[in-house]
Structures are given as structure tokens and as C-alpha cells.
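Keep in mind the model is a prediction, meaning the values are calculated, not measured. A note on names: the letters A, B, ... follow the listed sequences, proteins ahead of strands, and every chain is numbered from 1.
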There are 2 protein chains.
Amino acid sequence: MEAVPRKTTIREVARAAGVGIGTISRVLNSSSQVSWKTRARVLDAIRRLGFRPNAQARRILKKRAEMVCFLLSNRDFLHPFHARILQGVESYASGMKQHVLFAALHYSPRTPPEKIDLPPVLQEHGLIDGVILAGTIYPNLLRRIEGIQMPFVALSNNVMGMDDVQQFDQVGFDDLNGTLQATRYLISKGHRRIVFAGDVSYPWLQRRFEGYGRGMREQKLKPVLITARNVPSFGDFGQESVGRILSGRSRPTAVVAGNDEIAYGLWRALCRRGVKVPDEISLVGFDDREEAVLMDPPLSTVCVHKEEIGETCMKMLLERLHHPQMAFSQRVLPTEFLIRGSVRQL
Amino acid sequence: MEAVPRKTTIREVARAAGVGIGTISRVLNSSSQVSWKTRARVLDAIRRLGFRPNAQARRILKKRAEMVCFLLSNRDFLHPFHARILQGVESYASGMKQHVLFAALHYSPRTPPEKIDLPPVLQEHGLIDGVILAGTIYPNLLRRIEGIQMPFVALSNNVMGMDDVQQFDQVGFDDLNGTLQATRYLISKGHRRIVFAGDVSYPWLQRRFEGYGRGMREQKLKPVLITARNVPSFGDFGQESVGRILSGRSRPTAVVAGNDEIAYGLWRALCRRGVKVPDEISLVGFDDREEAVLMDPPLSTVCVHKEEIGETCMKMLLERLHHPQMAFSQRVLPTEFLIRGSVRQL
DNA sequence: CTGAAAGCGCTTACAG
DNA sequence: CTGAAAGCGCTTACAG
């Protein structure tokens with residue numbers, strides 16, 4: 001660990017070891033065979049000089065950056081959901097000797113594709129091999145990324161406005177089956193009057209509503225949607241909709257919330273009104289945010305394996321890079337309903 | 001947005017525009033003056049061919065990667081705390097045309113420095129210009145990073161086992177003043193019997209305890225520490241210590257928790273025993289995690305400006321890169337006590 | 001097995 | 001203002 005001038009170059013190592021620069025490169029890449037003796041001399045010189053090869057130079061020849069970009073779009077914060085996906089991406093990437101660059105982007109769905117001001121890393125080329133699109137994805141961003149010929153994988157659950165065939169690689173999780181499981185569970189616990197709370201203008205909440213609806217219809221029960229638009233946050237949505245939930249002729253015994261935030265909003269508003277969870281009303285959420293276990297009682301919710309999603313994105317992107325002509329693939333990862341304390345047996 | 005073979009090179013653009021490659025480079029870097037006419041021809045050729053310069057090649061000449069690494073050490077998850085710091089780093093970086101690479105590392109404090117297996121990005125050189133150390137930082141990691149001559153800035157709040165002079169750049173926040181403010185607030189609300197709950201074998205909890213102690217002594221009050229070691233999680237710590245808090249001869253009227261997690265643990269355990277917050281006991285936390293506002297009543301806590309910490313880290317690292325000989329600096333960002341509903345006026 | 005040379009895609013003095 | 005050349009730090013055929 002001696003002090004080492006960082007600019008040590010392969011040429012200096014070659015001189016110190018008394019060999020040609022090609023030989024240094026060969027032992028570095030352990031590609032072709034180098035004699036035992038020479039290799040030892042070279043290794044020794046490398047250690048003595050504290051030589052670390054310049055990655056840029058290698059990459060320019062390899063035509064591979066060995067780096068991908070995790071692009072988070074239209075998010076004010078790196079929320080735990082995406083943070084853990086990023087972590088899954090990094091985890092798989094590092095195993096494959098790939099690097100992960102984190103970048104953020106804010107854009108409007110109405111900007112023409114070619115006008116979207118991508119982060120510099122996507123404007124140059126050679127820096128990254130591909131990109132993982134996270135956050136909210138509108139068609140214009142997709143067009144833009146295709147326009148620069150950049151291989152990509154999209155996190156499909158937040159793709160907006162593309163109901164038809166989707167000609168790109170994507171990884172998602174099973175919204176519909178998540179609420180289906182949750183609804184079946186509620187029914188198995190004796191619940192009949194169950195409502196769904198969520199703003200279904202979001203495609204993912206729409207899918208969750210459909211899963212709930214399917215569960216209800218299986219048992220000849222009537223789905224009821226509590227929705228609203230233009231509410232500032234999901235938490236407020238929960239607080240605002242509680243009135244309508246409680247005011248019906250026959251009050252529901254359970255609520256399927258479109259996500260955990262809505263569930264929290266509901267839960268707090270219920271507390272305020274002195275309505276006890278789960279004694280008087282049962283509640284389930286979706287996402288399994290960290291807070292879910294902090295609630296009292298802990299929230300029963302649908303679990304999404306975030307790390308696995310990240311890993312799958314990275315894996316799929318790598319496959320795409322190695323087989324550019326391969327057919328596009330869509331993977332939907334399973335979701336899992338977690339039974340905790342917020343549902344009561346009737 | 002025509003389909004463009006990504007391998008378009010500066011030489012092809014030069015040919016298309018009928019100029020030398022040096023001229024292309026000049027308009028790209030808008031460095032020296034190029035005639036109006038030539039510049040237009042070149043720009044046109046660039047657009048027609050969809051040319052995007054190869055970043056690696058430029059960097060190799062500039063001797064600057066324009067990229068830094070955010071290295072998260074010894075963390076199983078990218079928690080919201082570090083996620084928001086990362087976001088602050090990225091935000092400042094992108095404004096300065098720098099890129100941010102995310103990497104994770106797991107190491108033991110007992111591994112000799114030279115044996116620490118750094119992520120590849122730190123083993124090669126040229127890929128990044130510097131590193132921001134986040135997560136838990138032991139002296140051996142510091143030695144290792146110094147050993148490879150890599151400029152760095154450390155998030156100082158999680159630095160372990162270095163009480164003396166610290167010869168490196170660091171950014172932190174004011175643990176001590178945070179609990180000092182919180183304690184003064186409690187006292188101003190009429191509280192006298194206030195205890196501190198936290199495992200002070202962590203340096204940061206020790207500092208928070210000191211801030212609390214100072215606040216108590218200012219008013220000739222006696223600091224009381226509720227501590228324990230080897231508890232699996234901070235949440236469990238809260239649950240376990242509630243018994244000792246309630247069992248004393250004179251029950252305290254308020255608790256300063258070492259962090260929000262401990263506060264949640266306490267709060268839930270108090271709920272279980274039917275002790276109401278804040279009616280029967282007041283509670284304050286530290287960190288201002290997202291959940292703090294979800295509690296009922298919302299938790300009064302010490303706020304740490306995470307984005308600002310990230311921005312400051314990035315800024316300081318950039319200064320270091322531009323002035324390698326500059327004296328090391330330590331910056332401590334202020335913390336702020338947030339008054340919410342978990343404290344009662346006595 | 002190994003050296004010398006050509007070349008990756010750029011930037012930057014050096015001449016005009 | 002601009003072209004031709006040298007060079008950044010590597011890798012990889014090409015010869016021996």
C-alpha cells in the first residue's frame with residue numbers, strides 16, 4: 001500500500017518487467033498463455049508499481065462499457081420501492097462484473113420524443129451499454145430511447161398509455177393476482193361486503209381493481225369501487241374516501257386498498273372516527289412498504305419482491321446485450337399476500 | 001430519429017462534412033473558433049448521421065472520468081436515509097455534468113486494509129475520479145481507499161472507532177445539537193423527568209445522548225440513560241426497554257429516543273400496555289423517517305436534511321478533485337427539531 | 001511464448 | 001480558421 005502515482009501506465013510496467021507491453025496486457029487478461037516465469041515477473045512489477053489498468057482504454061477496444069444506467073423518471077424521491085429495485089440491479093450486476101450508474105430524469109408525457117432532454121450519459125455513446133427504465137414511463141420516452149438505439153428493459157408496472165402489444169423487454173409483477181389473493185382471503189374469513197379504494201385512472205390501480213373484482217365475482221359478490229380523482233396524495237385519498245366507505249346503507253366489513261399509502265390514510269381516518277381495525281373493519285394494502293409492520297395491528301398486504309425485480313431487469317438487459325436480435329420478452333413476477341393482523345375472522 | 005448504426009465515428013462525420021476530424025472535435029467541444037459556415041456543415045452532418053461522440057475516448061484524453069462512485073458499505077438494504085442522500089448526490093452531480101455510479105460493499109472491520117475486496121470499479125483506474133463513502137466506515141476501509149490513492153469524502157456520522165483527529169474530508173450532521181434542541185423543547189413544555197433510550201455503544205447514539213445530557217444539565221436536571229446491548233434491532237430495543245422506563249420509582253414524563261426506530265418500538269410497546277402517547281408519556285425521535293408523520297399522533301423528531309447532505313458530499317468531492325492539495329475539511333450540517341403531536345404540555 | 005506494430009475513437013498542439 | 005499528425009492507454013492479430 002505504498003504511495004503510488006496513479007498515472008502508472010502499462011508501458012512503465014513493461015519496462016520494469018523487461019517485457020513488451022503486449023505481454024502485460026496478456027497477463028492482465030489471462031487470455032493466451034504466458035510462461036510461468038514471465039507471468040511472475042510481470043505480476044511482481046505490477047505490484048511494485050501499484051499498477052491499476054485504465055478501464056476506459058480497455059473499454060474502448062472491447063466496445064463494451066460493462067455499465068448500465070438505472071434511470072428513474074418523474075420521481076421526486078428515490079422511494080424505498082425503487083431503492084430496493086436499484087439494489088437488486090446492483091447486486092446482480094456486480095456478480096456479472098457490470099457497473100450501475102444512477103440517473104434521474106423529469107419529463108412531460110406531452111414533449112415530442114426527440115425533444116426529451118436525456119441525461120448526458122444517454123446522449124454520449126460508449127459510456128453505458130443499456131438502460132433500465134424505472135419510474136413512470138410514457139410512450140414518448142420509449143420512442144426517445146429507441147431513437148438513440150439504446151438497448152433497454154422497462155419496469156412495466158408504471159408504463160402509461162400503452163394497452164396494446166408492447167414491443168420491448170419488460171419486467172413487472174402481478175398486480176391482478178395480488179388483489180385476487182387478498183380478496184379470496186377476505187372472503188375465506190367470512191367477509192362479504194368488501195370495497196376497493198383507489199384511483200383507477202392509474203393503470204396499476206386499475207389492474208388491482210380488476211383482481212379484486214374477479215375475486216368478488218367468483219363468489220357472486222358485487223364489486224364496489226371507491227374512487228376519486230385529483231387528490232394530492234394517496235394518503236389524502238385514504239382520508240377523503242373514508243367518509244364514503246362508512247356512509248353507505250350497509251357498511252362494508254373490509255376494504256382492499258389500492259396500495260399501502262391509501263391503507264394508511266384510511267387507517268388514520270378510521271382511528272380518528274373511533275372505528276377500530278380490525279375489530280370493526282378489516283383492511284388490506286398492497287406493496288408491503290416497510291411501515292406495514294409498524295402499524296398496530298400490522299397491515300396485511302400484498303408483497304412485491306423488489307430485489308428480485310431488479311435482478312430480473314438486469315439479467316434481461318444482459319441477455320438483450322448478448323443477443324440483440326432476440327425476440328422481446330415480458331416477465332411477470334408473482335406477488336404474495338402476507339397475512340398479518342389487520343383482518344378479522346367474521 | 002432515423003435508425004442509426006451506433007458505431008458512427010468522428011471520421012465518418014468528417015468525410016460527410018468534407019472536413020478534417022480535428023474540426024469535428026472542435027465544434028463538439030466548442031473550444032476554439034470555427035467559421036460559421038463550417039460549423040453549420042459539421043452540425044448538419046452530425047445530425048444526418050446521428051453521431052454521438054464516444055465518451056470513453058474523450059475521457060481517456062481528458063484524464064477525467066467525470067464520474068464518481070457512491071459506495072454503500074455494510075448495509076443489507078438501500079434504506080430511505082441513504083437513498084435520499086444518493087439522490088442529493090445525483091442531483092448536484094448532474095448539474096455539474098458528473099455521473100454517479102452506485103456500488104455496494106460488505107467487509108469486516110477486522111480485515112487488514114489491503115485484503116478488503118473492493119468492487120471492480122475501485123480496482124481499475126480511470127473509471128471514476130473519486131468516491132463518496134456511505135454506510136458504516138471503519139478505519140481499515142479508510143486505509144484501503146487511501147492506499148489506492150482514490151480521492152474520497154466520507155459521510156461522517158457512521159464513522160466508527162476514530163475519535164481523534166480525522167485527516168480526511170467528511171460531511172455530517174449535528175447529532176448533539178439535535179437532541180439538545182429536543183430536550184430543551186421538552187423542558188420548555190414543563191417536563192422534568194426525561195430519559196434517553198438508546199444503545200450508546202454506537203458513536204452516533206453516544207453523541208445524541210450527550211446532546212440530551214447537556215440539555216438536562218443546563219437546567220440542573222439529572223440525565224438518565226436507558227441502554228442495552230446485543231438487541232437484534234432498534235425496534236426491539238424500544239420494546240425491551242419500555243419495562244425499565246415504566247418501572248422506576250418516579251415514572252418519567254418524556255422519553256428522548258435515540259432514533260425513530262427506537263421511538264416506534266417504544267410507542268408500540270406503550271400502546272400494548274395501554275399507556276397513551278402523549279397523554280401519559282411524551283415521546284421524541286431522531287431522523288424524521290417517512291413513517292414519522294404516519295404515526296398517530298405524528299412523532300416529534302429531529303430532522304436531517306438528507307438531500308443536502310448528499311449535495312454537500314458531491315460538492316466537497318468536486319472541490320477535492322480540483323484542488324488535490326487543499327487542506328481536509330469537515331462540514332457539519334445543522335439538524336432541526338420538528339414539533340408535531342407526540343409531546344404534551346404539562 | 002512474446003515483441004513490434006497497427007489500431008480503438010477521440011483531443012490537441014503544430015503548422016500553415 | 002483548419003488539416004495532418006502525434007498521442008492517450010490499452011488490445012490484438014501478425015510474425016517469429
Side-chain angles (χ1 to χ4, degrees), chain A residues 4-43 45-46 49-67 97 120 123-129, chain B residues 4-43 45-46 49-67 97 120 123-129:
Chain A
V4 168
R6 52 156 23 153
K7 26 73 176 290
T8 310
T9 172
I10 202 174
R11 238 167 287 266
E12 305 172 46
V13 180
R15 197 141 40 81
V19 298
I21 62 165
T23 301
I24 308 297
S25 179
R26 283 177 202 113
V27 343
L28 247 29
N29 297 291
S30 55
S31 50
S32 46
Q33 47 276 40
V34 179
S35 80
W36 178 248
K37 266 184 65 181
T38 317
R39 154 169 264 111
R41 274 225 311 286
V42 169
L43 254 20
I46 287 176
L49 299 177
F51 172 67
R52 292 180 298 142
N54 183 306
Q56 314 271 14
R58 176 203 265 108
R59 272 143 223 244
I60 206 174
L61 279 305
K62 295 276 187 186
K63 311 233 182 255
R64 270 283 155 90
E66 294 166 1
M67 178 145 36
K97 311 233 173 260
Q123 302 208 26
E124 304 174 294
H125 97 251
L127 237 194
I128 55 171
D129 298 320
Chain B
V4 168
R6 50 145 38 143
K7 30 68 176 295
T8 310
T9 172
I10 204 174
R11 239 167 285 267
E12 304 172 49
V13 180
R15 195 139 44 78
V19 298
I21 61 164
T23 302
I24 308 296
S25 178
R26 282 177 203 113
V27 342
L28 247 30
N29 298 290
S30 55
S31 50
S32 46
Q33 47 276 40
V34 179
S35 81
W36 178 250
K37 266 185 62 182
T38 318
R39 154 168 261 109
R41 275 224 312 284
V42 168
L43 254 20
I46 287 176
L49 300 176
F51 171 68
R52 292 181 299 142
N54 182 306
Q56 314 271 14
R58 177 203 264 107
R59 272 142 222 244
I60 207 174
L61 280 304
K62 296 275 186 187
K63 310 237 182 251
R64 269 284 155 89
E66 295 166 359
M67 177 144 39
K97 311 231 175 264
Q123 304 209 26
E124 304 174 293
H125 96 252
L127 237 194
I128 56 172
D129 298 320

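- In this model, the phosphate group of C:dT12 is approached by a side-chain N or O of B:K62 to a distance below 4.0 Å at OP1 or OP2.
- Nearest-nucleotide mapping onto DNA chain D: of B:S35 and B:A57, the residue sitting toward the 5' end is B:S35.
- Residue B:E124 contributes atom CD, which lies 13 Å from atom C1' of D:dG9 at whole-angstrom precision.
- In this structure, CH2 of B:W36 is placed 18 Å from C1' of D:dT2, rounded to the nearest angstrom.
- Rounded to a whole Å, the CG atom of B:N54 is 14 Å from the C1' atom of D:dC10.
- Using a 4.5 Å heavy-atom threshold, the side chains of A:L28 and A:I46 count as touching.
- Of all non-hydrogen atoms in A:T38 and A:S35, the two that sit nearest each other are OG1-OG, 2.5 Å.
- B:R59 comes within 4.0 angstrom of nothing in the nucleic acid, heavy atoms only.
- With a 3.5 Å limit on both pairing distances and Watson-Crick or G-U wobble geometry required, the stems of 3 or more pairs in DNA chain C span C:1-3 with D:14-16, C:5-12 with D:5-12, C:14-16 with D:1-3.
- Inter-residue side-chain proximity for B:V34 and B:V42 is flagged as unmet; no heavy-atom pair is nearer than 4.5 Å.
- The side chain of A:K63 contributes an N or O atom lying less than 4.0 Å from OP1 or OP2 of C:dG9.
- With distances taken from any side-chain atom of A:N29 to the nucleotides D:dT11, C:dG3, D:dT2, the minimum falls on D:dT11.
- Side-chain atoms of B:T23 lie closest to D:dG3 of the nucleotides D:dT12, C:dC10, D:dG3.
- Along DNA chain D, the nucleotide nearest to B:T38 and the one nearest to A:Q56 differ in position, and the one closer to the 5' end is contacted by B:T38.
- No option in A:R58, A:R52, A:Q56 other than A:R58 meets the side-chain hydrogen bond (donor to acceptor under 3.5 Å, both in side chains) test with B:E124.
- Candidate nucleotides C:dG3, D:dT11, C:dT12 were compared by shortest atom distance to the side chain of A:R58, and D:dT11 ranks first.
- Note: CG (B:L127) to C1' (D:dC8) measures 16 Å, nearest angstrom.
- When the P atom of C:dT12 is taken as reference, atom CG of B:L28 falls 11 Å away, rounded to whole Å.
- The separation between A:E66 atom CD and D:dC10 atom C1' is 13 Å, rounded to whole Å.
- Considering every non-hydrogen atom in both A:S25 and A:I10, the closest pair reads N-CD1, 3.9 Å.
- Computed from coordinates, the B:L61 CG to D:dG7 P distance equals 13 Å when rounded to whole Å.
- A:I24 comes within contact range of no nucleotide atom at all, as no heavy-atom separation falls under 4.0 Å.
- Here the nucleotide nearest the side chain of B:R11, chosen from C:dG9, D:dC8, D:dT12, is C:dG9.
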### Message
Evaluate A:R59 against A:E66 for salt bridge (Lys or Arg N to Asp or Glu O under 4.0 Å), listing each step before the verdict.
### Response
CA-CA 8 Å; A:R59 272 143 223 244; A:E66 294 166 1; 3.3 Å; yes
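- One can place CD1 of A:I60 at 17 Å from P of D:dG7, the figure rounded to the nearest angstrom.
- The side chain of A:T9 sits closest to D:dC10 out of D:dT2, C:dC10, D:dC10.
- Residue B:R26 has its side chain nearest to D:dG3 when only C:dT2, C:dA5, D:dG3 are considered.
- Taken to the nearest 0.5 Å, the CG atom of B:N29 stands 11.5 Å off from the CD1 atom of B:I24.
- In this structure, A:D129 contributes its side chain and A:A65 its backbone to a donor-acceptor pair below 3.5 Å.
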